[in-house]
Each structure stands twice: as structure tokens, then as C-alpha cells.
Amino acid sequence: MPTVHDWINNPLAVVDGLFAQSNSSPDWEKKVVEYFKEKLKLNDAHTWVPSLNDVPLYYLKPNSLVKFRCMVQDMFDPEFFMGVYETNDLTSNSKQVKCGKYKDITVGGQVDFNSRNTVTSERQTFYCVPIPGESQWAKESYAGTSQARVVPSTSYVPNRHKRSYEEDYEMDTQPQEMKYVSQGTQSSAESHGNTEPKRQETEAPSHDSSSVHCTSSLDLNFPLPGEKGPACLVKVYEDWDSFKLNDMLEVFGILSVDPALSVIADEREASSLLDHTEVTETVEEQRVHSPPASLVPRLHMLYAQPLVHNNPLLPSSAPESNGDHLCSVLGELASVRAELHTYLTHVLMGDSLAAEYLILHLISNVYSRRDVLPLGKFTLNLSGCPHSSPYTEHLYKVIQQLVPSSYWLCMCLHNMNNQRMVPWKDYTANRLVSGTLQLANNTSLFLDETQLEQGQLDATGVRNITALGNLISWQKVDYDFNYHQMEFPCNINVLIASEGRSLLPSDSQVHLRPTLNPPNLEEYLSAVQVAQVPSQFNKYRIYLSVARALNYTISDEITTAVEDDFVEMRKDDPQSMSAEDLHRLLVVARLLSLSHGQNTLSRDGWMKAKQLEALRISRTQQQKSVSGNEP
């Protein structure tokens, strides 16, 4: 059996060894998975495994064990492959039965397709992309924990050392003379994906080989524009029904980048591919489902860790399952909250109330659903933001420094009328074309409404506004499958920055009331950020992730007290407190308790929530009387 790091450098030797020992027993497949799971648990061994997120592809050894932190962007149809096959060695005139699992290419002589030992198996293919909008600090922190040792692969000829992954990626994705993969049996059923209109594959394929590499063919179908990093075709061999579209995963698997995968269907050496079936895909499907392995490598999944969050400063499992770590964090929660509140008060130019509500927003989380109602969401509309200055951009940069994933969406008329926000099914290429709203759970979406000028929304603009409204109200996005819409639930924190009250719905509106008026706003905000040392930012990041993951309960005693309080508040004026107002108050009370590290509501917490809401409502009413024209 391979020793030390051999299981990373040559995992197929482990697979083939267990297969050889199996004597046709089906248990060998479970033994393979268990072997790698156990190896990855020992002494932080997962940090020894190179990551596709951090290391350029040409540095990685083909058929080695790698990991990939990603989101499931699309799911293709299941495909068939030769799980077991027999080869003929013409030199020695001998036959040998080989394992085809975790591989794309056959090895060891000519395949006997008529052999009675051939076993046809099934696997699923996921199209996975890096987690959309992942913050730079999160990427750097993940990369900083890696202990993987990589050297340039001999399969590549890199004359470009000392260059960042992003630079290398930009070079690799430039149009080049390349042929396209067409691996026969892959076809996506109900595939899910998204892309901006300018990136859609709408042009008919040319028969001229020099034009096959047009830019649209290199579309990696990232949900957000400007994203960098690899996309992967992840081959899943078991329990694929346990995964869902938009799931965040850390996949450990065997890297496959064989050049034979990049040969177009009618030119490939069919005898060397494990999915030896008749090619029935269209050219468009082949381009999407079998892209060049040098651009979209294959990853044969051995094990996948579902990610509850993508904060590298915390264990990847749920915080409550790490008791010792959680206790140490909870002990500092109150002091870190006070420091974060002070920091956000400075960012919000002295507005302490707005800072309170911003903290509540940042730790909000859909913890359950009652029928169609998502419980726990807290969309915040921060009104009173200046239109003439770049304040909202600076505010977004502050949030970007605090959360693992985020996206700033400028709601100017051009974006509303031209940006594709809702994913849609392209039946010609048999894939889901991605959209801006195909995001992983816990992503912070910053909507900048200060840039929305007067003008006419066209049909696309109306659809986008409707989609944003549904996302805010119901935490769902209706993907467009042409003949019908398919509802996908989500858990996305939405913050709306606007001058007046937002045209979009929100759970709470706080009008910004600055007490500071710095002569140079940009210099002031930069100075506020510079004053925070990196270790302080890390405290804030841990605090926000832990607070939003805490469990929360309300005792029967407090429930009765809240009900009595509700009746009392309605006694004099029934219109002063509606059921909706009570629901909002309960959400604020929950978040306020969690923000202080308390996982149950106390009488004191309930009173503080009432006081906070009274201040917010009073300010909102004062602003209405001043402006006179707000709804």
C-alpha cells in the first residue's frame, strides 16, 4: 500500500491495489472511499492536498489527489462508463482485467469490448465553479493554511514562473488554437447554469477549424462577471442525489487532464475512452459538456465535504459541533460586538442606530421555512445614502472585508435592462446558463439603488426587478426553463442602499443620520479602515459567522410575556401594532440576542428590542415629515 504522500501523488495506485485484492467483491469501492476519508482526517492531512483554487493547473500532477472549493452550478445527465474492462496485450498475448473507476482513459493495451468481464457503470457529472463573489481575504486565508508541496507538472511546459494564479488564468483563457472535447455519453438533464447576455453562446458553430475557438466557446458560465479561477467537471460515483444545485462543497478527487479528452468527437480515439458509446450530442452540447481539459479539468470525486460556510477562520463543520472552539469564541463575543459596533458607527459617519441594525442584518440567516415563509431573513434598507459621492462603494468595500462572499450590484438603468439575473435553460447546448442571482447560501448582496436614474424599464428590467423582489420577500429565485419556471430556495443577505425609501421591499428601513461631516469623505473612510489591524478584522469575521450560526429558542414563559405585551400595545390603538409589526419585532429581538451571544430571549432582551424599534420608527416618521413625498 502507498506510504505517506504516495496516496496524494498517486491515488490510482491505491484504487487499483484495492481492486486487485477484491476478487470481484463489490466492497472494494467502499474501501477506497473509506481509505481516503481516514487519510484526510489524520493530522490535518487535508491541508497537504493541493487546491485547484490556489494552484495553477500546470503545477498539478495529472492523476494526483487535489481538492476544489466550489459551488455546484449545473448538473448534467448521468453517463455510462466501463467500470471494469479487459485488455489484450498483443506482445505477450495475455489478457488483464482492469478497473475503470475514477478514470477517463483506458490504459494497458487494446480493450476487448466483447469481453464477458466488462462491467458498465454509471456516474453523474456536476459542473462546478469557484464560490461566486468569494472575498479576497477568504481566498488568501484558505491559501495560507495550505501545506501542499507542488512543482510544475511535466505534462506542461510552463515558461512563466512567479506569476499569480489570476494572471496565469487570464493567459490560459485567451482564444487559442484548440479543439474541443466531446466525451460521448455526457448530456445534461435539467442542467442548471447562467451567464450574461454578452456571454451567451448564440452563434452557430463554424466548420472552419480556425474559428472553433471563438471567445463564446470559452465561456465558463460563472454567475458573476469578472470572476476568475477554474471550473471543473466533477464526476460523482455515489449518493449524487444528496447534492443540490448551488451547494457549496470542498471536493477531494483525482485530477484528470488527459489531452485525449480535448479531441473533438469525430476525431477522438474512441478505443481509449472509457465512455465508449455512440456520440449523440450536438456540437453545442459537446462544446459545453466536453470543454478542453486544459481549461476545465475533470475531477473524479472520492469524497466531498459540504460547506456550511466558507469562512476559513472557522472549522468547516457547523460551529455548534465544535464545542471547545465555540466556547472560546462565545467568551469574547460581547467585547468583539462592542468593537464592531464602534467601527461601523465610524463607517456610518457617527450613526450608532444604523450601526446596530447593520450588525443585525449581517448575522441574519434563514434558519427555517414555514410553508412559503422564510424565517430569519432581515433585508435592510439603508436610506439617506448620498448620491453624489462614492459613499456606497466604500460602504460595500467595508462589508466585503467582513463577510466571506459578497456582490455589489449597481442598479443603474443600463444594468437593470441588460443584465441577466435569472438563470435560464439553454436547450440547444443542454445546460443552465447562469445569472447574477445564482449565488451560494450566506452571500451578501449589496444593491446600490443610489445609481438608479429616471428612465424606462424594458421587459428585461421588469423581470429583474421582480426577481429581486421575490428574492427579498421569499428568499427564492425562479429559474427560467422556457416552458415553465422552477423555484430554487436560497439564503442571501440583501442590503439596499438608497437615497429615499427603496422601490424594493425590505424587512427594515433605517434612514442614515450622520453626526460627522468630514471634509473629504474618501480620506475619512480610508483612515477608518486603515485603523483596523488585520487581527481585528479576523475577530469581526469570526464573530459574524458564529453569531449567525447559533441556535435560538424562546421559553414558554417569555412567549406568554410577549403575547401579553402585544395585547397591551394594541389596547389603546389597534393600528399601532399589527401582526407584521410583531413579527418584525420578534426578528429584531432574536438577532439582538444572538448578536450578544445569547441563544435564548430574555425579558431584558425583549425590552431592548422594543426600544431599538421605537427609535428606528421615530426616525423614519421624522424623515417622512421632512421629505413629505416618501411613501
Side-chain angles (χ1 to χ4, degrees), residues 135 137-138 141 248 307-345 347-348 352-368 374-380 398-406 440-445 475 491-495 507-508 510 532 535-554 584-602 604-606 608-609 612:
S135 301
W137 69 263
S141 185
M248 284 193 298
L307 296 178
V308 179
H309 61 80
N310 61 318
N311 186 339
L313 304 174
L314 290 172
S316 57
S317 55
E320 55 266 23
S321 64
N322 295 275
D324 294 341
H325 187 274
L326 183 59
C327 288
S328 64
V329 172
L330 287 177
E332 297 183 9
L333 224 56
S335 61
V336 176
R337 186 197 192 281
E339 293 164 1
L340 177 59
H341 181 263
T342 300
Y343 170 57
L344 292 179
T345 299
V347 169
L348 295 167
S352 176
L353 181 66
E356 280 282 354
Y357 275 87
L358 185 52
I359 289 176
L360 303 189
H361 162 75
L362 290 172
I363 66 170
S364 63
N365 177 47
V366 177
Y367 62 88
S368 182
L375 303 179
K377 73 183 184 72
F378 193 64
T379 297
L380 179 64
V398 168
I399 292 172
Q400 193 178 34
Q401 283 291 314
L402 297 174
V403 299
S405 301
S406 61
N441 282 347
N442 303 329
T443 301
S444 288
L445 180 60
Q475 285 292 309
N491 185 1
I492 296 170
N493 281 18
V494 183
L495 175 64
D507 296 302
S508 186
V510 178
Q532 302 293 315
S535 60
Q536 192 65 33
F537 273 120
N538 284 344
K539 284 185 179 181
Y540 299 157
R541 294 158 181 164
I542 292 172
Y543 163 80
L544 293 173
S545 292
V546 169
R548 79 191 318 248
L550 290 176
N551 291 322
Y552 174 81
T553 57
I554 303 180
R584 183 188 302 109
L585 191 52
L586 285 168
V587 171
V588 170
R590 173 182 178 272
L591 294 173
L592 195 60
S593 298
L594 293 176
S595 73
H596 285 92
Q598 301 163 0
N599 57 8
T600 187
L601 180 60
S602 64
D604 185 50
W606 174 247
K608 285 181 179 178
L612 204 62

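We use all heavy atoms of the structure for the numbers below, so side chains are in, but hydrogens, waters and symmetry mates are not. Numbers here are sequence positions counted from 1.
Taken to the nearest 0.5 Å, the CD1 atom of Ile492 stands 10.5 Å off from the OG atom of Ser405. A distance of 5.5 Å separates CG of Leu358 from CD1 of Ile399, quoted to the nearest 0.5 Å. Considering CD1 of Ile359 and OG of Ser364, their distance stands at 12.5 Å, rounded to 0.5 Å. Within the model, atoms OG1 of Thr345 and CD of Glu356 stand 8.0 Å from one another, a figure rounded to the nearest 0.5 Å. Taking CG of Asn441 as the reference point, atom CG of Asn491 lies at 5.0 Å (rounded to 0.5 Å). Here CG of Asn599 is found 12.0 Å from CD1 of Ile554. Values are rounded to the nearest 0.5 Å.
A 4.5 Å side-chain heavy-atom check between Leu353 and Leu612 finds at least one atom pair inside the cut-off. A heavy-atom distance below 4.5 Å is found between the side chains of Ser406 and Ser135. Considering only heavy atoms from C-beta on, Ser444 stays 4.5 Å or farther from Leu495 through its side chain. Side-chain contact between His596 and Leu333: absent, with no pair of heavy atoms (C-beta onward) separated by less than 4.5 Å. Considering only heavy atoms from C-beta on, Lys539 stays 4.5 Å or farther from Leu340 through its side chain. Contact of the Arg590 side chain with the Tyr367 side chain is registered, since non-hydrogen atoms from C-beta on lie closer than 4.5 Å. Between Trp137 and Arg541, the closest side-chain pair of non-hydrogen atoms falls below 4.5 Å.
Defined by atom type and a distance below 3.5 Å, a donor-acceptor pair is missing between the side-chain atoms of Tyr343 and Gln536.
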Steps toward side-chain contact (heavy atoms from CB on, under 4.5 Å) verdict (Val546, Val336): CA-CA 12 Å; Val546 169; Val336 176; over 6 Å; no
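Although no hydrogens or angles enter the test, the distance criterion places no donor-acceptor pair under 3.5 Å between the side chain of Tyr552 and the main chain of Gln598. Listed for the Asn365 side chain is no donor-acceptor partner under 3.5 Å among the backbone atoms of Gly376. Remark: the backbone N or O of Ala355 is not paired with any side-chain donor or acceptor of His341 at under 3.5 angstrom.
Nearest approach of Tyr540 to Gln532, heavy atoms of both residues: OH-OE1, 2.8 Å. Nearest heavy atoms, Pro404 versus Ala138: O-CB, 4.1 Å. When all heavy atoms are compared, the tightest approach of Arg548 to Asn442 is NH1-OD1, 2.6 Å. Residues Lys377 and Val366 share a closest heavy-atom pair of CB-CG2, 4.1 Å. Annotation for Leu586 and Trp606: closest pair CD2-CZ3, 3.8 Å, computed over non-hydrogen atoms. The two atoms that bring Arg584 and Asp507 nearest to each other are NE-O, 2.9 Å, heavy atoms only.
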